[in-house]
J.: 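Structure provided below as structure tokens; questions to follow.
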Amino acid sequence: MYPEVAAAIILDLVEKRRTSLRSVALEYFRRHKDIEYLKPVVRVLTLNVLRNYILLDYIAEIAGLDPRIYRDIKRWLLRILVYEVTHQINKLKKSRVSKIANILKLKNQFINTLKNIDVEGVRRKLIKLNRIDIAYSIPYWMILLFKNARIPYLEKFLETLLHDPNLWIRVSTHKISRIELVKLLKRMGYKVREDSHFFDCIEVIDKRRSLLAKTIYYHKGYYTIQDKSSILIGHVAYPSNKIVLDTTAGAGLKTTHMVQLGALRVIAQDIDFKRLLDAHIHAKRLGLADRIFLINTDSTKKIFNCPDIVLIDPPCTGLGRLSIQPELKLHLSRRYLNTVRRLQYQLLYNVIKNVRRGTRIIYSTCTVTVEENEDLVKMFEKEGYIEVIRHKPFIGSKSFIDERIQRLYPHLHKTQGFAVTVMERT
């Protein structure tokens, strides 16, 4: 089995099932344990081909081949071949190129033409022609959303989506100091750097994400892998001696951070029972489960109604996570944007309707669209239900719509794309 073929099979399944690359890859290698050694190569191939698939189709056309003649696995195999040949990955062996070319019935002339194509030169020409959708392999309708959001230095933002994101971990300060953890990780060979904003945050310079979740210190609960933008929410909430309701707790990252920062109690609600089980396991690993109450319920219909602080991190398009989940470009649509926007409205409405006056509501998303952030919260403010308030720490950029709303971007703040709004019930 060649890694290219395994990668093509996985990508085809991701497209057809409309599910995450990670889940499909995990399932594939569970079923094919005899080729587990291919995992690292397949991961690189799948991520980078998904990040560049529109441009790769365009390059195939430049080389004289219409990629639409292929379907399903073969189309993904063509994209992988174009990527490897044009990027000269690990000085790809001629025998492998020939084998894949034979599967696709490609002529030597096509391969030779590919070898002489300057990918970055092609990208620059497309940018000059204002075809940044092809240049950065982003569907045009998403480009329009990014322009509507007035993302600063848009092309730089799009460029960062072609690379692995910055990696952050949250220190379990109730178990170990940040200085001690830095020393331990450095002894293991990790390059790490203490964050300048948060006392419980460390940047991991090398990208061994999968290995970080397998160290002895991870299993001891000394740290959690969590993006800095998500860590920000805990410090914005400042939950010390407060009762917190996390309406969409998921795997419990923000939930456990609230307890770590001194919350009296955290009620963690989620509609997905399996996710709540993950949150419980996560909380037990960190030694924080005793102050967390898990409730399997739909927060658009029912909430615990007397918290001091409410967190809403709703399902969203996730466009701030495109560098780590490039498959979203295959799955998302305008219709889906409208669907999650209705769900976000229902979550906000149910919380606002049921909490007492003065309750602080923190609304955050890992997306960068105006439709899922400013448009929603400003609607409720105009109707007089809430007041958007200024908050600290403010480490990101001010929203062009409301300077009280904080936005973070990978090219400016080394986080995923993220938005934070703090409100008070009036």
Side-chain angles (χ1 to χ4, degrees), residues 142 144-154 156-157 160 197-198 227-239 244-248 253-254 257-258 308-322 337-338 340-352 355 357-426:
M142 289 186 185
L144 293 179
L145 290 177
F146 295 154
K147 287 183 175 180
N148 185 48
R150 297 191 194 177
I151 296 174
Y153 312 107
L154 177 58
K156 186 64 177 173
F157 167 74
T160 62
H197 292 112
F198 306 132
D227 192 73
K228 183 179 175 180
S229 59
S230 178
I231 294 172
L232 166 67
I233 298 303
H235 294 285
V236 167
Y238 196 71
V244 180
L245 169 64
D246 189 347
T247 59
T248 48
L253 294 179
K254 296 183 184 70
H257 197 199
M258 294 295 145
D308 302 302
I309 301 166
V310 180
L311 306 183
I312 307 175
D313 190 349
C316 67
T317 55
L319 294 178
R321 292 176 52 83
L322 280 176
L337 170 62
N338 294 333
V340 294
R341 194 171 183 275
R342 284 194 295 272
L343 180 58
Q344 291 156 358
Y345 176 88
Q346 289 166 356
L347 276 166
L348 272 165
Y349 176 76
N350 194 44
V351 167
I352 291 167
V355 299
R357 289 186 177 182
T359 300
R360 181 158 293 197
I361 303 165
I362 302 173
Y363 178 80
S364 62
T365 70
C366 56
T367 190
V368 292
T369 68
V370 171
E371 290 83 352
E372 297 172 84
N373 292 293
E374 290 90 345
D375 280 359
L376 274 174
V377 296
K378 296 297 286 183
M379 181 194 310
F380 284 104
E381 186 173 46
K382 285 176 183 176
E383 292 175 357
Y385 293 111
I386 55 98
E387 179 187 0
V388 177
I389 61 174
R390 298 184 186 277
H391 62 272
K392 292 180 180 179
F394 204 104
I395 64 170
S397 301
K398 295 176 181 178
S399 164
F400 75 95
I401 292 175
D402 188 329
E403 65 176 15
R404 298 168 296 179
I405 296 173
Q406 181 172 190
R407 283 174 157 265
L408 296 98
Y409 302 106
H411 61 305
L412 298 179
H413 310 109
K414 301 201 295 185
T415 68
Q416 63 188 11
F418 206 76
V420 184
T421 306
V422 181
M423 306 165 254
E424 274 190 6
R425 179 69 165 94
T426 54

J.: Kindly check if the number of other-residue, nucleotide or ligand heavy atoms within 6.0 Å of OH (Y238) is above 12?
T.: no
J.: Output the distance between atom OG1 (T365) and atom CD (E372), rounded to the nearest 0.5 Å.
T.: 6.0 Å
J.: Using only atom types and a distance under 3.5 Å, with no angle test, would you say the side chain of T415 pairs donor to acceptor with the backbone of P410?
T.: no
J.: Between R360 (side chain) and A237 (backbone), is there a donor-acceptor pair under 3.5 Å?
T.: no
J.: Between N148 and L144 (side chain of the first, backbone of the second, donor and acceptor by atom type, cut-off under 3.5 Å), is there such a pair?
T.: no
J.: Using every non-hydrogen atom in the two residues, find where S397 and L412 come nearest and quote the distance to one decimal.
T.: OG-CD1, 4.0 Å
J.: Could you tell me whether a side-chain N or O of T426 sits under 3.5 Å from a main-chain N or O of G384, the two making a donor and an acceptor?
T.: yes
J.: Within this structure, what is the OG1-CG distance for the pair T248 and D313, rounded to the nearest 0.5 Å?
T.: 5.0 Å
J.: Could you tell me which non-hydrogen atom of P315 sits nearest to which non-hydrogen atom of V340, and how far apart they are?
T.: O-CB, 4.0 Å
J.: Would you say Q406's side chain and G396's backbone share a donor-acceptor pair under 3.5 angstrom?
T.: yes
J.: Hey, what's the ring geometry for F157 with Y409, parallel, tilted or perpendicular (30° and 60° as the breaks)?
T.: perpendicular
J.: For the residue pair L348 and M379, establish whether any side-chain heavy-atom pair is separated by less than 4.5 Å.
T.: no
J.: For side-chain hydrogen bond (donor to acceptor under 3.5 Å, both in side chains), just list the numbers for S399 and E374, CA-CA rounded to whole Å, side-chain angles, deciding distance to a tenth of an Å, and then say yes or no.
T.: CA-CA 8 Å; S399 164; E374 290 90 345; 2.7 Å; yes
J.: In Å and rounded to the nearest 0.5 Å, what is the CD1 to OG distance from I395 to S229?
T.: 8.0 Å
J.: Which residues satisfy the salt bridge (Lys or Arg N to Asp or Glu O under 4.0 Å) test with R425, sequence neighbours excluded?
T.: none
J.: Return the minimal non-hydrogen interatomic distance between R404 and D402, and the atom names on each side.
T.: NH2-OD2, 2.6 Å
J.: Could you walk me through whether I231 and H197 pass the side chain to side chain contact (heavy atoms under 4.5 Å, CB included) check?
T.: CA-CA 10 Å; I231 294 172; H197 292 112; over 6 Å; no
J.: Step through the shown structure and confirm whether more than 12 heavy atoms of other residues, nucleotides or ligands are within 6.0 Å of CZ on F394.
T.: yes
J.: For L253, is there any backbone N or O sitting under 3.5 Å from a side-chain donor or acceptor partner on H257?
T.: no
J.: Taking the side chain as C-beta and beyond, is there a heavy-atom pair between H413 and R407 under 4.5 Å?
T.: no
J.: Rounded to the nearest 0.5 Å, what's the gap from CD1 on I361 to CG on L347? Could you check?
T.: 11.5 Å
J.: Tell me the closest heavy-atom pair linking V310 and T247, and the distance in Å.
T.: CG1-CG2, 3.7 Å
J.: Could you measure the distance from the CZ atom of R342 to the CD atom of Q344? Nearest 0.5 Å is fine.
T.: 11.0 Å
J.: Do side-chain atoms of D227 reach the backbone of Q416 as a donor and acceptor pair under 3.5 angstrom?
T.: yes
J.: Would you please name every residue forming a salt bridge (Lys or Arg N to Asp or Glu O under 4.0 Å) with K414, sequence neighbours left out?
T.: E203
J.: Can a donor-acceptor pair be found, under 3.5 Å and without considering hydrogens, that links the side chain of E424 to the backbone of R357?
T.: no
J.: So does F400 have more than 12 non-hydrogen atoms from other groups sitting under 6.0 Å from CZ?
T.: yes
J.: Quick check: closest heavy atoms across C316 and C366, and the distance to 0.1 Å?
T.: SG-SG, 3.6 Å
J.: May I ask you to test the E371-T317 pair for a side-chain heavy-atom distance under 4.5 Å?
T.: no
J.: Kindly give the heavy-atom pair with the smallest separation between Y345 and L376, and that separation in Å.
T.: CB-CD2, 3.9 Å
J.: Supply the atom-to-atom distance L232 CG to K392 NZ, rounded to the nearest 0.5 angstrom.
T.: 14.0 Å
J.: Quick one: are K228 and L408 in side-chain contact, heavy atoms under 4.5 Å?
T.: no
J.: With a 4.5 Å limit on heavy-atom distance, are the side chains of H391 and I362 in contact?
T.: no
J.: Using side-chain heavy atoms (C-beta onward) and a distance below 4.5 Å, is I233 in contact with F418?
T.: yes
J.: Within the structure provided, determine whether S364 and T421 are in side-chain contact (heavy-atom separation under 4.5 Å).
T.: no
J.: With a 4.5 Å limit on heavy-atom distance, are the side chains of L145 and L337 in contact?
T.: yes
